[in-house]
Novice: 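One structure follows; several queries about it will come next.
Just so we're on the same page: letters track the sequence lines, and every chain starts at 1. None of these values were measured; they are calculated from a predicted model.
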Protein chains: 2
Amino acid sequence: MDSNILKNINLFSDLSDDELKKVFSKCSVRKFSKGEMIFFDTEPYIGFYMIVEGSVKIFKILKDGKEHILHFVTPFNTFAEVPLFEQYEKIKNEEFTYPANSMAIEDDTVLILIRSSVFYSLIENNSKLCIKMISGLAKKLRLMNKHIESISLDVPKRLAKYLLEQFNSDTETGKKYIELPISKHDLSSYLGTIDETLSRTFKKFQDEGIIKVSGKKIYITDKKVLQKFASV
Amino acid sequence: MDSNILKNINLFSDLSDDELKKVFSKCSVRKFSKGEMIFFDTEPYIGFYMIVEGSVKIFKILKDGKEHILHFVTPFNTFAEVPLFEQYEKIKNEEFTYPANSMAIEDDTVLILIRSSVFYSLIENNSKLCIKMISGLAKKLRLMNKHIESISLDVPKRLAKYLLEQFNSDTETGKKYIELPISKHDLSSYLGTIDETLSRTFKKFQDEGIIKVSGKKIYITDKKVLQKFASV
DNA sequence: TCCTTAAATTGACTATAGTCAAACTGTAAT
DNA sequence: ATTACAGTTTGACTATAGTCAATTTAAGGA
C-alpha cells in the first residue's frame with residue numbers, strides 16, 4: 001500500500017504527488033475486524049481517520065447501555081475531524097477527547113489515521129485543501145440537518161425515508177431491491193428506535209405490499225406508496 | 001454603521017481594516033422585525049448572513065403545518081453557510097435553494113448578507129479566514145451532534161439539559177435564574193415536542209421543587225436534581 | 001381602563017412506540 | 001446432522017407523549 005491510496009480520499013484529491021508522499025509517510029494505516037473499537041469517547045483526541053475499505057459507525061452510549069448511532073462512514077470519507085479546529089490548545093495538550101465512540105462494522109476495515117499536528121502543518125498554507133475541508137464539513141452538516149429533521153417523524157416515515165435514500169443512492173440502474181449495508185440492529189439504533197419496533201414496521205410495510213423483506217435484501221415493490229409514507 | 005461592526009463577527013475577526021472595508025462595501029445590511037421571514041427554503045441561495053443584533057430561528061415546516069426548529073442563531077454568528085461550498089456551479093447558476101426557512105424572532109434584528117461571490121473571492125487566498133470558517137462549521141457540527149443525541153431522550157431529560165446549558169452559559173455569576181431567550185412555543189419546537197407537553201414538564205419540575213417558573217424567568221432551586229434528570 | 005388577541009395551561013382521551021419475556025429462524029462450527 | 005448462538009420476530013403490557021377541546025392567563029393596542 002502506497003501514497004496513491006490517498007488520492008481516493010476526497011479531501012486529498014488536489015494534493016500533489018510530493019505532498020501525498022509527505023503526508024503518507026506520517027500516517028498510520030491500520031486494519032480492524034468487525035466489532036473492533038477504533039476509539040472511545042473517553043480517550044484523548046489525536047487526529048482524524050479516513051476509510052479506505054470497510055465501514056465504521058460513530059455512536060454514543062447512553063446510561064442504560066443503549067447505543068445511539070450518529071453516523072455511518074464509508075470508504076474515501078473522513079471522520080472525527082470535528083475537534084480538529086476546535087480547542088486548538090487543548091488538543092495540543094491532549095486535554096481533548098473524541099466526541100463519540102467509533103467501531104468497525106465490517107471485517108478488514110482499513111483506516112488511515114492523520115494526526116492533528118500533521119494536518120495542521122499541511123493545511124497552513126494550502127487554501128485549496130482548506131476549501132475541501134470546508135466542503136466536507138458542510139456536507140456533514142447537511143446530512144445531520146436531514147437526520148435531525150427525520151428524527152422528529154414517526155418510525156414508518158423514518159424507515160421509508162431511509163429505504164428510499166438507499167434505493168436512490170444505488171448507482172446500478174434497474175435494480176428493484178436494495179441490500180442493507182448495515183445490520184438491522186444498527187439500523188434501529190440509527191433510526192432512533194429499537195429492534196422490535198423496526199421489525200414490526202418492516203412487517204407492516206410488507207403486509208401492505210410495499211416491500212418484500214428477505215434478510216438484508218429489501219425488494220421495493222411499490223415505490224409510490226413508499227414515497228407517500230416518506231413524504232413529510 | 002460602518003465596517004467596524006464586521007470586526008465583531010468571529011469569522012472576520014482576523015481581517016485587516018482594508019479587507020473589512022472592501023467586504024463591507026459589498027454587503028447588504030437589513031433590519032427585520034419580529035416574525036419577519038429572512039428566507040424560505042424555496043428561494044434561490046444567494047449567500048449567508050451574519051447577525052449583528054437580535055436573533056433568528058432556522059426551521060423546517062412539516063406537511064401538517066408544524067414547524068421543527070433546527071437552530072437559534074445569536075449576534076456575531078453566521079448562518080446559512082452550509083450551501084456555500086457545496087454545488088459551487090449550481091449556486092452560481094442560482095439553481096440552489098436555502099436548505100431551511102429562517103425568521104427573525106426579535107424586533108430590530110440586524111443582519112448582514114454576504115453574497116456567495118463576494119465570499120468566494122475573499123476566501124480564495126486567505127487560509128486564516130478558511131480556518132475560521134472551518135472552526136465555525138466544526139462548532140455547528142458539535143452542537144448538532146448534541147442536538148441529535150438529546151432528541152432521543154425523553155422530554156424531561158431534554159428540557160433539563162436545555163435549562164442547564166442556558167444556566168451554565170450565562171456569564172453572570174451568582175445568578176440563580178435564567179431568562180429564556182426564546183418563546184415557550186419555539187422552545188417546544190426546538191426540543192422536538194409540543195406546547196402542552198412542555199408546559200406539563202415545566203409543571204412537573206416545579207411540583208418537584210426543582211425550578212420555579214415565572215414567565216420567561218426560570219429559577220433553578222435544585223440544580224443537583226436537575227442535573228440528575230439531565231444525565232443521560 | 002377595557003378590549004382583543006395571543007400564549008399558556010389543564011383535562012380527558014388516544015396513539016405510538018418502548019419493555020419484557022418467550023419463541024422462532026438462520027447460520028456457522030463441531 | 002447437531003448444537004449453539006446471535007439475530008429476529010411475536011405477543012401482551014405499559015409508558016410516554018401527542019391530540020383535541022376548553023379554559024385561564026398574560027400582553028398589547030385603542
Novice: Between Y162(B) and Y190(B), how do the two ring planes meet: parallel, tilted or perpendicular, split at 30° and 60°?
Specialist: perpendicular
Novice: When you match S183(A) and G192(B) each to their closest nucleotide on DNA chain D, which lands nearer the 5' end?
Specialist: S183(A)
Novice: Could you check whether atom NZ of K139(B) has more than 12 heavy atoms from other residues, nucleotides or ligands sitting under 6.0 Å from it?
Specialist: no
Novice: Looking at K161(A) and E149(A), does any basic side-chain N land under 4.0 Å from a carboxylate oxygen?
Specialist: no
Novice: Quick one: I194(B) CD1 to dT9(C) P, roughly how many Å, whole number?
Specialist: 13 Å
Novice: Taking the six-membered ring for Trp, are Y98(B) and Y45(B) parallel (under 30°), tilted (30 to 60°) or perpendicular (over 60°)?
Specialist: tilted
Novice: F229(B) ring centre to K204(B) NZ or CZ under 6.0 Å, with the angle to the axis within 45°?
Specialist: no
Novice: Distances under 3.5 Å only, N/O to N/O: pair up the protein atoms with those of nucleotides 20-27 of chain C.
Specialist:
| unit_1 | atom_1 | unit_2 | atom_2 | d |
| --- | --- | --- | --- | --- |
| dC20(C) | N4 | E196(A) | OE2 | 3.3 |

Novice: How would you label the contact of K216(A) with the nucleic acid (heavy atoms, under 4.0 Å): base, sugar-phosphate, or nothing?
Specialist: nothing
Novice: Checking salt bridge (charged side-chain N to carboxylate O under 4.0 Å, His left out) for the pair E106(A)/K34(A): CA distance, chi angles, key distance, verdict?
Specialist: CA-CA 4 Å; E106(A) 283 179 45; K34(A) 187 175 169 170; over 6 Å; no
Novice: Provide, to the nearest angstrom, the distance between the CG atom belonging to D195(B) and the P atom belonging to dT10(C).
Specialist: 14 Å
Novice: When you list every nucleotide of DNA chain D with an atom under 4.0 Å from a heavy atom of chain A, which one comes first 5' to 3', and which comes last?
Specialist: dT8(D) to dA12(D)
